[in-house]
Amino acid sequence: MKDNDNLTIERPTFVTHLECAMEGDRYEADQIHNLSKAGKPLLVSYDLAGVKKALTKEALAQRPTDMWRYRELLPVRKVSDIVSLGEVMTPLIRLPKLAKKLGGGEIIVKDEGRLPTGSFKARGLVMAVSMGKALGIRHMAMPTNGNAGAALAAYATSCGIKTTIFCPADTPEVNVSEIELQGATVYRVNGLIDDCGKIVGEGKAKAGWFDTSTLKEPYRIEGKKTMGLELAEQLGWEMPDVIFYPTGGGTGLIGMWKAFAELETIGFIGSKRPRMVAVQASGCAPMVRAFEAGTEHAPRWEDAHTIASGIRVPQAVGDFLILRAMRESKGFAIAVPDEKISAALNEVAREEGLLLCPEGAATYAAYQQSLAEGRVTKNDRVMLFNCATGLKYPLPPVTRTLDRHKPIDYASL
């Protein structure tokens with residue numbers, strides 16, 4: 001086995017068509033698509049009976065440990081179209097000290113900060129860009145709160161696709177800088193991410209770019225579903241009891257729910273499913289409001305604000321898919337305030353040595369709150385998603401100093 005086998009060996013492909021997630025009408029594969037005629041996301045369909053014959057757990061175990069090991073369940077047909085910057089299988093990190101402190105079950109963090117550009121956005125954007133390359137797209141545009149734009153810029157630049165990216169004016173400087181440095185043209189916009197999305201949508205016809213917004217193209221969800229494929233394999237094809245997922249656009253939550261269904265169909269897992277929990281910030285919680293109201297769609301959240309900018313999405317295109325996954329899994333949606341997000345980030349770092357991003361910290365805060373409220377039990381095995389490296393965010397200053405010209409009281413250090 002060579003480390004790049006997944007990127008160089010042709011494997012059978014099984015994409016049959018795309019279909020509207022709301023209406024179910026079919027669309028041809030291998031053509032450029034955005035939303036369906038109903039204005040809803042398109043989902044990729046596979047010949048899963050064919051996948052079942054072609055792929056075994058034993059064969060999978062012999063492949064390099066990157067996200068391309070699941071090629072039979074991915075849409076890119078030819079290795080020449082794969083765009084890769086090294087999409088490793090991200091580790092599962094246990095938090096034993098905090099589990100003992102809370103008196104709960106096993107707490108596991110899937111640390112997506114190990115991916116290229118430092119976030120889980122790499123999964124979705126590497127698939128979107130690879131399919132863009134396969135379909136001959138030359139210019140891609142998107143709105144971003146930061147990390148998605150960085151991933152699009154990096155992958156598109158690596159294969160010669162032009163990118164134009166729009167972000168809210170208060171997007172962290174490190175994100176804006178990395179987007180520009182990695183080859184994109186980036187603009188700050190005096191609005192939120194959905195305001196940026198309107199610019200992308202309006203410019204589609206006028207500027208000729210392809211709209212790569214969350215769930216407005218079919219393939220980011222296929223990249224994000226590899227989180228579900230990975231965690232199932234890493235846990236020996238067993239499911240955790242609960243998944244806490246930081247939810248803005250919700251592509252990953254939807255993708256994992258799709259992955260679990262596909263894994264069951266090909267015989268890799270049984271019917272057990274984790275309860276899917278959408279974690280949002282109190283200052284931007286449209287999915288929580290819709291879940292509690294029992295509605296199918298989530299109206300726009302006005303005056304959205306939170307320190308966890310990655311989940312500051314006032315309105316999600318795939319809202320009905322997020323709500324469907326939560327309800328089918330007997331999960332729920334939960335909102336946590338910024339002060340609890342900050343406290344959770346500090347606690348995990350100081351107790352376990354794991355530096356989470358704010359969105360990842362929100363999942364730990366949500367778990368604490370859910371445990372206290374009895375929404376999860378002390379026996380549950382829970383999976384938290386840390387969606388980016390904490391090093392991309394402002395850290396608290398250190399003020400302690402020593403004067404080497406004065407006597408040092410070592411006993412007090």
S.K.: Applying side chain to side chain contact (heavy atoms under 4.5 Å, CB included), run through Val83 and Ile161 and close with a yes or a no.
M.R.: CA-CA 11 Å; Val83 181; Ile161 295 176; over 6 Å; no
S.K.: Step by step, work out the side chain to side chain contact (heavy atoms under 4.5 Å, CB included) result for Ser130 and Trp68.
M.R.: CA-CA 12 Å; Ser130 294; Trp68 296 101; 3.9 Å; yes
S.K.: How are the rings of Phe260 and Trp257 set relative to one another: parallel (under 30°), tilted (30 to 60°) or perpendicular (over 60°)?
M.R.: perpendicular
S.K.: Answer yes if the side chains of Thr377 and Asn379 hold a donor-acceptor pair under 3.5 Å, and no otherwise.
M.R.: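 The answer is no; no qualifying pair exists.
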S.K.: Do the ring centers of Phe385 and Tyr245 come within less than 6.0 Å of each other?
M.R.: yes
S.K.: If you look at every heavy atom in Arg220 and Ala128, which pair is closest and at what distance?
M.R.: CG-CB, 3.7 Å
S.K.: State whether the side chain of Gln234 and the backbone N or O of Thr90 hold a donor-acceptor pair below 3.5 Å, judged by distance alone.
M.R.: yes
S.K.: Can you name the closest pair of heavy atoms from Ile311 and Ala362 and give their distance?
M.R.: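 That would be CD1-CB, 4.5 Å.
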S.K.: Heavy-atom count around Lys40 NZ within 6.0 Å, excluding the residue itself: above 12?
M.R.: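 Yes, enclosed.
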S.K.: Check Gly248 against Ala316 and note the closest heavy-atom contact, atom names and distance.
M.R.: O-CB, 3.8 Å
S.K.: So, Gln280 versus Thr247: side-chain donor-acceptor pair below 3.5 Å or not?
M.R.: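 No, Thr247 and Gln280 have no side-chain donor paired with an acceptor closer than 3.5 Å.
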S.K.: Excluding sequence neighbours, so at least two apart, what forms salt bridge (charged side-chain N to carboxylate O under 4.0 Å, His left out) with Lys110?
M.R.: Glu230
S.K.: For a side chain to side chain contact (heavy atoms under 4.5 Å, CB included) with Asn6, tell me which candidate from Met67, Glu87, Arg11 qualifies.
M.R.: Arg11
S.K.: Are Arg63 and Glu233 ion-paired here, with the side-chain N under 4.0 Å from a carboxylate O?
M.R.: no
S.K.: Assess whether side chain to side chain contact (heavy atoms under 4.5 Å, CB included) is satisfied between Tyr219 and Val44, documenting all intermediate values.
M.R.: CA-CA 8 Å; Tyr219 302 109; Val44 181; 3.7 Å; yes
S.K.: Got a donor-acceptor contact below 3.5 angstrom from the His297 side chain to the Thr295 backbone?
M.R.: no
S.K.: Donor-acceptor pair, Thr16 side chain versus Ser45 backbone, under 3.5 Å?
M.R.: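 Present.
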